[in-house]
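Some notes on the structure that comes next.
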Amino acid sequence: MNPLLPEPAVAFGESARRAFGDLGGIDRARRAEHDHDHPDRAIADALGSLGVDDLSVTTDTDAAAAGAVACIEAGRVVLPWPVAGWLTPSCDGSARTRPFALVDPTDPAVDHGATAPRWEISPGNGRVTTATPGTPLATRLGPFVTRVTPTGGFEPATGALAAAAWWSMFTSCRILGALERALEVTVEHTSARHQFGRPLTAFQTVRFALADAKVEVAGLRELSLFTLWRLGTASVPDAHVDALALRMHALDTARGVLRTCRQLHGAAGVCDEYEIAMLGRHLQPTLRLPDDADTVAVELAGSIRVGGFDGLFDHAGHR
Amino acid sequence: MDFDIGNDARQLRTRLRTSITETFPPEFLGAFTDDPADMAATQAFCKTLADQGLLTIAWPTEHGGAGGDVWAQTVVREEMWAHHEPRGPQYMGLNWVGPAVMAFGTADQKARHLPPIAAGDVIWCQGFSEPDAGSDLAALSTRAVADGDTWRITGQKIWTSYAGIAQWCVLAARVGHGTGHEGITMFLVPMDTPGIRVVPIRTMLGPHHLNEVFFDDVIVGPDAVLGAVGGGWAVIKEALAHERVGIARYARCERLLSLLATGEDGIPDRLRTRWARLLVRVRVARLLAYRAVATQAAGGDFDALASAARIAVTRCDQDVADLLGDALGVGGLDAGADAPLHGAAEDHWRYAQAATIASGTIEVQRMIVARDLLGNAS
């Protein structure tokens, strides 16, 4: 038992943070809102220099951890790029040539669609197809979301279920990164802001709200790391259940934590000038596509009924 | 990174489960029921575990234990709590009284107290909380006054588990007129000493759990002092260190969620997603506890991690209790071997209500997490 991230992944995360900082940090996301039609080559180049494109997540556990950390770091600045989609292993074992995303087949859409001319999409049922992105919504909640047009029907693919699990884990890591940053900026804000002659953090109600949010975010980090490990060690069906569990929990956690962090910012929480507003706004597509937490929960409950949910604990050993 | 608990711990888990299932019927719900036979069974089981070398598996070898690592200790905590703590009240002696005596006791105290604990022969209680010193334990006012070679102790304790059946008490009392940590001293007091009066408190938890204990000019010898006179806070900290990660409540939660699913009626469709969500939250709580254990084992500062784990674990305990009740309807109100889950849902709900209070309230845990999170900013 060793729940620590491998050292190379930690170092990779530090490099990614520097690189994303050099790109402007969260300002990159702010700027991208006004130029959402074009792929941001600087981001692609930075990810290439980091070596994200070369991470072989299915064959190298350190690389898988580095990929997860890259997504966490991308989440901290809501990097306007589908890092998870590019890290997801291809369905046939070859090098990925287009980003992957899970979609709702009745209204397929992807975040950051305009960054690639063609996507690989899946409803999460072991089938995939390719798709071409349309025009970004360019709304405040979905600045980079594009509906996509499948080029054909969804066809069975050997690695599609595994790809869905990896994508769910990586996108959950993006959510984790955004929530960790949201909590950091909220601690900074409530420490600096004085009301009634005291910093906000002197009020127990604020301290308790922060503590509860911290527990939620810390729990999501643990579940993310555990799921990352399971993807490298468990069978595909088992890992798929674990990935569903992670995604559902990430969505549930995000809703509560973002609400707390926004509330503790007061009116500043809705101002684009503040990171919390940007994090909450730009994370919405990741929290809604392809489906909501309740839909995932239904799928998860059904999957557990079939395959169980042992993971850390041998349920079958109980009478 | 590896979340595999390891072969040794896995085999220990199997041994413990086997031992429990061979000893107790499926309807066993712990020592603290209205049937005195349950208490007697747990006392006998401690002897069995002692004979098998499993009772003190977590103790260092120099004190007769098996020197099990933190994961062996974790497995013991999990399997015992998952199966309604078949060690009964003796877990307290094993978990922290013994280790505190090892750390602070004299050679005579070690020789006198450790063998009976290791043999499963003795029940201890913990005289900490007082009517005006709960979360603020350092406000305790029970006094110990030197009287020649002896100590004369006067005061009142409350919420003292097992006081009515314990042979010994680890008692926190104040020497002198200081405040806060000043003067707090630990005493090892036989519960049959004249002047001790135990008054049971009737609770939803069942018999033996909570008591008031009155100390009226209780006289003990100099050999009763554990650690230094006035050095009791260090002993309390040592004791609480063993309690910090806390009871492995997640293990019983997982077991009950599992039993509910495999039970006669399964999970009602309307509750299926709530059940799945709870399974995930219980997994998260377990992982948070493991993070605290791993950090403790590595010598790191784990106070806030342990508190975070306890917040998550105790909330799960109550939410699982509510789910079981909602799933079983009137069956969740029923007790006894013929009730659904052999009455475990009714039992669990009652116990879960104290989860966010016992061994440090959830408010205290939040204070610790917030202090750690805010650091200098606080």
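In what follows, chains are A, B, ... by sequence order, proteins preceding strands, each numbered from 1.
The contact list for residues 359-369 of chain B toward chain A, using heavy atoms and a distance under 4.5 Å, reads B:Glu363, B:Arg366, B:Met367, B:Val369 by residue number. Listed by sequence position, B:Asp269, B:Arg272, B:Thr273, B:Trp275, B:Ala276 are the residues of residues 269-276 of chain B in contact with chain A, using a 4.5 angstrom heavy-atom cutoff.
A donor-acceptor contact shorter than 3.5 Å links the side chain of B:His342 to the backbone of B:Ala337. B:Arg77 contributes no side-chain N or O that, together with a main-chain N or O of B:Ala248, makes up a donor-acceptor pair within less than 3.5 Å. Judged purely by atom type and a 3.5 angstrom limit, B:Arg255 uses its side chain to pair as donor or acceptor with the backbone of B:Ala82. For the pair A:Arg174 (side chain) and A:Thr286 (backbone), a donor-acceptor distance under 3.5 Å is absent.
Listed here is the closest heavy atom pair of A:His189 and A:Leu264: CD2-O, 3.5 Å. Looking at every heavy atom in both residues, A:Asp104 comes nearest to A:Pro290 through N-CB, 3.5 Å. Of all heavy-atom pairs spanning A:Leu87 and A:Gly67, the tightest one is CD1-O, 3.4 Å.
Contact of A:Arg221 with chain B is not made at all, since no heavy-atom distance falls under 4.5 Å. At a 4.5 Å heavy-atom cutoff, the contact between A:Gln204 and chain B is made by side-chain atoms alone. Residue A:Glu299: no heavy atom, backbone or side chain, is found under 4.5 Å from chain B. Contacts between A:Leu246 and chain B at a heavy-atom distance below 4.5 Å are absent for every atom of the residue. Interface remark: B:Arg10 contributes no atoms to any contact with chain A (heavy atom separation under 4.5 Å). Only the side chain of B:Ala294 comes within contact range of chain A, judged by heavy atoms closer than 4.5 Å. Residue A:Ala192 does not touch chain B at all, counting heavy-atom pairs closer than 4.5 Å. Using a 4.5 Å cut-off between heavy atoms, A:Asp252 contacts chain B through its side chain alone, with no backbone atom that close. Both the backbone and the side chain of A:Leu4 come within less than 4.5 Å of a heavy atom in chain B.
For the pair A:Arg198 and A:Phe203, the cation-pi criterion (under 6.0 Å, within 45° of the ring axis) is fulfilled. Stacking of B:Arg283 on the aromatic ring of A:Phe309 is recorded, both the 6.0 Å distance cut-off and the 45° axial limit being met.
Among A:Lys214, A:Glu216, A:Met248, A:Glu188, the residue with the largest count of heavy-atom pairs under 4.5 Å with chain B is A:Met248.
More than 12 non-hydrogen atoms from other residues, nucleotides or ligands lie less than 6.0 angstrom from CD of B:Gln52. Annotation: B:Asp8, atom CG; neighbour count of heavy atoms from other residues, nucleotides and ligands within 6.0 Å does not exceed 12.
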Atom pairs and distances, side-chain donor-acceptor, residues 297-305 of chain B, under 3.5 Å, sequence neighbours left out:
| from | atom 1 | to | atom 2 | distance (Å) |
| --- | --- | --- | --- | --- |
| B:Asp301 | OD1 | B:Asp303 | N | 3.4 |
| B:Asp303 | OD1 | B:Arg244 | NH1 | 2.1 |

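Looking at residues two or more places apart in sequence or on another chain, you find a side chain to side chain contact (heavy atoms under 4.5 Å, CB included) between A:Ala182 and A:Leu258, A:Cys261, A:Ile276, A:Leu279.
When ring centroids are compared, B:Trp71 and B:Tyr290 come within the 6.0 Å threshold.
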